[in-house]
Visitor: 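Let me begin by handing over the structure; questions about it come next.
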Amino acid sequence: MSLVLYNDLTKEKEKFVPVREGHVAFYSCGPTVYDYFHIGNARPFIVFDVLRRYLEHVGYEVTFVQNFTDIDDKMINRANAEGITVAALADRFIEEYRRDADALGIRPPTITPRATEHMEEIVSIIGKIMEKGHAYEVCTPSGGSDVYFDVRSWPSYGKLSGQSLDELESGARVEVGEIKRDPLDFALWKAEKPGEPSWESPWGKGRPGWHIECSVMSTKYLGSTIDIHSGGVDLTFPHHENEIAQTEAATGEPFVRFWLHNGFLLIDREKMSKSLGNFMTARAAREKYPPLAIRLFMLSAHYRSPINFAPEGLEQAAGGVTRLRNSWADLKYARASRGESAFADISLFKEELGKLDRAFFEAMDDDFNTAAAVGSLFEIVRLINTWLRDHPALPAEFFDAAEGELRKLDGILGVIGIDEAKDADAEEIERLVEERAAARKSKDFKRSDEIRDALLDRGIVLEDTPTGTKWKRKLGQDAG
Ligand code: AMP
Ligand code: ZN
């Protein structure tokens with residue numbers, strides 16, 4: 001097996017081979033922490049978390065860096081509107097980011113650097129780019145200085161977005177107050193303005209432009225050539241195009257081996273975005289839908305395809321999560337209640353499981369096709385359910401193989417929630433099931449019915465069997 005990934009730089013699927021054997025240097029553009037992130041932003045956070053888990057699963061040591069953009073126009077405007085400092089705003093929304101990311105099962109990156117904590121390095125890389133003749137300083141009317149990257153001095157500019165300089169030129173905009181030689185040039189450093197935070201530099205006080213932070217934080221923690229750089233497709237141009245030009249101008253080395261861009265999450269066929277106002281925050285989404293269902297929804301499409309955010313899709317995913325969780329619960333219950341028998345022949349089960357497992361990994365290896373991999377997971381669950389239904393007694397080997405498989409795949413996709421540190425909901429349900437059993441024993445049927453009805457209201461159905469009471473979530477519901 002070997003992983004093949006579509007490389008946005010070459011527009012081809014390529015065999016993934018990292019620079020350093022056994023190690024993957026992976027950088028993903030993180031959130032601008034001026035507000036809660038929306039469910040469109042959650043797409044790259046979830047899918048690239050799964051790619052990272054997958055790389056780890058197949059044996060790589062992964063250094064996964066995801067930055068926090070804690071200084072830009074949006075940060076400054078929002079902080080001013082709230083009458084707080086930019087730093088206080090950043091602290092608050094980094095905290096809120098972590099809360100939502102945790103709830104969505106997104107593992108903390110290896111390193112989460114903040115732009116404002118890298119000013120020295122930012123100033124130093126800009127100096128290097130100027131020394132090499134690819135950036136220039138312009139005096140502003142206020143007496144300060146801006147520094148711009150000289151795009152025309154960098155012949156390979158446009159290689160990621162696949163456009164010529166002239167094509168790009170026709171779409172370029174000059175922002176108010178920018179005095180640059182060419183509309184294509186972009187700011188590396190902006191002169192201080194009243195009411196804005198600023199830092200010292202050889203060009204006077206100011207703050208960095210939008211793109212330079214990612215060049216600095218990726219190369220600082222991962223080296224001058226990194227294996228994977230990812231983000232949403234809207235970052236291809238200009239953000240990533242600019243990152244390539246300025247980083248390669250500074251280091252003289254190829255910056256990134258694999259560029260990966262996720263497709264948009266759409267709503268009513270339009271990109272979900274803050275500026276269009278058509279967004280739902282991840283906070284609101286996870287109050288409405290189980291977090292596991294949000295993950296399953298995102299992973300049920302190929303990461304490069306657009307997906308439409310609609311209630312039906314989320315409800316379907318919630319039903320899927322319930323099926324997965326019930327199968328896991330049935331397995332554990334069957335092992336505990338039926339006892340094990342050494343006599344059943346499970347060779348056919350193992351053979352079919354092996355095939356489906358291979359299909360799962362082949363899908364993941366084929367350009368990280370989680371959509372097909374999720375399909376294999378559901379076939380595995382169907383296989384397990386069929387064997388449980390058709391065989392009153394099964395050997396320990398069956399349970400070991402089935403549980404091991406689900407645990408393994410859940411470690412990669414995180415859609416069953418097996419290893420969730422605590423399933424508070426399940427604990428509470430089990431407590432109520434026990435209380436009901438005690439009530440029945442003491443013939444307090446009023447109380448036992450009350451508990452059954454209360455659980456039913458929560459979508460939990462009870463089934464009394466000779467070996468005890470079994471509980472299940474009704475399809476379409478999930479504790480999350
Ligand atoms: P931002 O905080 O705006 O820089 O966005 C964080 C990440 O979310 C970036 O990788 C964006 O490309 C990505 N992103 C923003 N909107 C969407 C969307 N509607 N669908 C998918 N990804 C998005
Ligand atoms: Zn970035």
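Both counts, for ligands and for their atoms, begin at 1 and track the order of listing. Note that the structure is a prediction, hence the values are computed from the model and not measured.
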Visitor: Sort out for me which residue in Asp366, Asp367, Asp365 forms a salt bridge (Lys or Arg N to Asp or Glu O under 4.0 Å) with Lys13.
Guide: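 Of the listed options, the one satisfying the test is Asp366.
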
Visitor: With rounding to the nearest 0.5 Å, note down the distance linking CE in Met130 to CD1 in Ile125.
Guide: 13.5 Å

Visitor: Look at the aromatic rings of His239 and Trp210 and report parallel, tilted or perpendicular, splitting at 30° and 60°.
Guide: parallel

Visitor: Cut-off 3.5 Å, no hydrogens considered: what does the side-chain donor-acceptor table look like for residues 19-32, sequence neighbours left out?
Guide:
unit_1 : atom_1 : unit_2 : atom_2 : d
His23  : NE2    : Thr63  : OG1    : 2.7
Tyr27  : OH     : Asn67  : OD1    : 3.2
Ser28  : OG     : Ser230 : OG     : 2.6

Visitor: What residues form a ring pair (Phe, Tyr, Trp, His ring centres under 6.0 Å) with His57, not counting sequence neighbours?
Guide: Phe361

Visitor: Starting from the C-alpha separation in whole Å, work towards a yes-or-no answer on ring-ring contact (aromatic ring centres under 6.0 Å, His included) for Tyr148 and Phe186.
Guide: CA-CA 5 Å; Tyr148 292 97; Phe186 58 90; 8.8 Å; no

Visitor: Kindly compute the distance separating CZ (Phe48) from CZ (Arg43), expressed to the nearest 0.5 Å.
Guide: 9.0 Å

Visitor: Side chain to side chain contact (heavy atoms under 4.5 Å, CB included) with Thr116: which of Asp70, Val86, Thr69?
Guide: Asp70

Visitor: Output, or 'none' if empty, a list of ligand 1-protein atom pairs in which both atoms are N or O and the distance is under 3.5 Å, rounded to 0.1 Å.
Guide:
unit_1   : atom_1 : unit_2 : atom_2 : d
ligand 1 : 2 (O)  : Thr32  : N      : 3.2
ligand 1 : 5 (O)  : Asn41  : ND2    : 3.2
ligand 1 : 8 (O)  : Asn41  : ND2    : 3.1
ligand 1 : 10 (O) : Gly232 : N      : 2.9
ligand 1 : 12 (O) : Gly232 : N      : 3.1
ligand 1 : 12 (O) : Asp234 : OD1    : 2.4
ligand 1 : 19 (N) : Leu265 : O      : 3.1
ligand 1 : 19 (N) : Met272 : O      : 2.8
ligand 1 : 20 (N) : Leu265 : N      : 2.7
ligand 1 : 22 (N) : Gly40  : O      : 3.2
ligand 1 : 22 (N) : Asn262 : ND2    : 3.3

Visitor: For the Zn ion (ligand 2), report each protein N, O or S atom nearer than 2.8 Å, sorted by chain and then by residue number.
Guide: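 Checking every protein N, O and S atom gives Cys29 SG, Cys214 SG, His239 NE2.
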
Visitor: With a 3.5 Å distance limit and no angle check, can you tell me whether Lys205 reaches the backbone of Ser198 through a side-chain donor-acceptor pair?
Guide: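 Checked: no pair found.
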
